[in-house]
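Every value quoted in this text rests on a predicted model; they were computed, and no experiment measured them. Computation of the quantities below employed the complete heavy-atom set of this structure, encompassing side-chain atoms and omitting hydrogens, waters and symmetry-equivalent molecules. Here is how names work: the chains are called A, B, and so on, in the same order as the sequence lines, proteins then strands, and each is numbered from 1.
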Protein chains: 2
Amino acid sequence: MNNRETILENALILFASFGYDATGVQEICDQSGITKPTLYHYFRSKRGLMEALLKENYTPYIKRLKDACEYRRDLPQNIAEVLRSTFHFAESNLLFYKLQFSMRNAPARGEAYDIITPWIKAQHEPVLSLFSAAEKDNGNMRGRAQAYTITLLGMANAYIQQAVEEDIALNDDLAYQARQQFMYGIFS
Amino acid sequence: MNNRETILENALILFASFGYDATGVQEICDQSGITKPTLYHYFRSKRGLMEALLKENYTPYIKRLKDACEYRRDLPQNIAEVLRSTFHFAESNLLFYKLQFSMRNAPARGEAYDIITPWIKAQHEPVLSLFSAAEKDNGNMRGRAQAYTITLLGMANAYIQQAVEEDIALNDDLAYQARQQFMYGIFS
DNA sequence: ACCTTACTATACCGTACGGTATAGTGATTT
DNA sequence: AAATCACTATACCGTACGGTATAGTAAGGT
């Protein structure tokens, strides 16, 4: 494994364990067996390192999420796919999931929040389009696309948190259960 | 207002805006119009300041939550009360709610997480007892008290987040809606 | 008058931070 | 053989951090 990958790997572990602010560049270098100029050669700053980390880990999930949000007049199917892709995202790289979750919920005026903002948008945007498209087929959903987006993703996180703490699998069954519960919230 | 209260008030604003790590003691002092020895007189350390902040703001909520979790063989009633008290907690001091939420979801090895851990337990414990008590009256809930606790509190957070971002009121109607959705998840 | 107590300002401590200037190294290109 | 390139180590920069030693001040008790 080359130095760039080693740095990214150790940065993920340290950032996820101690947070962005509390993790020093020197610490990442020590853990990776390199020195600072090497790190600054590959990533132009601490921020640049975090940006690269987010890009590498988010990209496949966002791509799959976009597919999951392609509306084909079957909203329940879409919702199941959104939940499945999000569960898979969390399960396949739990460390990164924890990191991004803590950053999303970090105070809004910190560097960490700045860096993750575009990715939050990239996640919300396709889900929001999905519910906007579904509105046209279902009158009593009108004007609530934004609310549905927040609630669906919020519920996914609640399920993931539960699965992590209870050590149960984030499988399709759980996604189905979450979908039923979410849809009940919509149509009641 | 005395200096102690001024410091606590400004610390809340700054910690909630920029985070515990990113907020310097000097910044809090400047904002409060005092100097560091004054702060260190009232609070023995930066950590002590945060602990005092949590204690003052959490205590009334935990007390009310405990009442809400007193089981009288009417679980739906208890759940409604848990949601109501939590919604009220968030709405009456949104800044503090945001602060504690970001700390709860912060990386588990930081000082901020250490400080808040006992309060997380103080919140979980009465809700867990509630579901444990309800288990005895309802066989098909057996062994899931922990899962219900996490899901209920997680759902409350999802609703609060939605209410904040959509600028809608965290009133009893919303608590009722959240309860229905949660109970659907239990009994299905 | 004297002592204690609660509180506050000036000025400083050691440490760690993010980042870099300098000087290489070893492989590839010309 | 010379020059170029990607990469890496040593040693250092200025700044900001959490925290404190010292020296008061102002009020109340005796």
Going by distance alone, is a donor N or O of one side chain under 3.5 Å from an acceptor N or O of the other, for A:Tyr71 and A:Asp137? yes
B:Lys98, NZ: over 12 other non-hydrogen atoms inside 6.0 angstrom: no
Mind calculating the distance between CG (B:Asn3) and P (D:dA26) to the nearest angstrom? 15 Å
Crowded around B:Arg47 CZ? As in, over 12 foreign heavy atoms under 6.0 Å? yes
In whole angstroms, how far is the P atom of D:dA6 from the NE2 atom of A:His41? 7 Å
Transitively linked via ILVMFWY side-chain contacts under 4.5 Å: A:Phe43 with A:Val25? yes
Cation over ring face, A:Lys46 and A:Tyr20, 6.0 Å, 45°: yes
Under 3.5 Å, is there a donor-acceptor pair between the side chain of A:Thr23 and the main chain of A:Leu14? yes
Can you say whether the rings of A:Phe182 and A:Phe131 are parallel (under 30°), tilted (30 to 60°) or perpendicular (over 60°)? tilted
Would you grab the first and last nucleotide of DNA chain C (5' to 3') that comes under 4.0 Å of any non-hydrogen atom in chain B? C:dC7 to C:dT10
For B:Thr35 and for A:Asp21, locate the closest nucleotide of DNA chain C by heavy-atom distance; then report the residue assigned to the nucleotide nearer the 5' terminus. B:Thr35
Kindly calculate the angle separating the two end axes of the helix from C:dA1-D:dT30 to C:dT30-D:dA1, each obtained from five base pairs, and round it to 10 degrees. 10°
B:Asp30 side chain to B:Gln26 side chain, donor-acceptor N/O pair below 3.5 angstrom: yes
Would you mind telling me which residue lines up with the more 5' stretch of DNA chain C, B:Pro37 or A:Arg44, judged by nearest nucleotide? B:Pro37
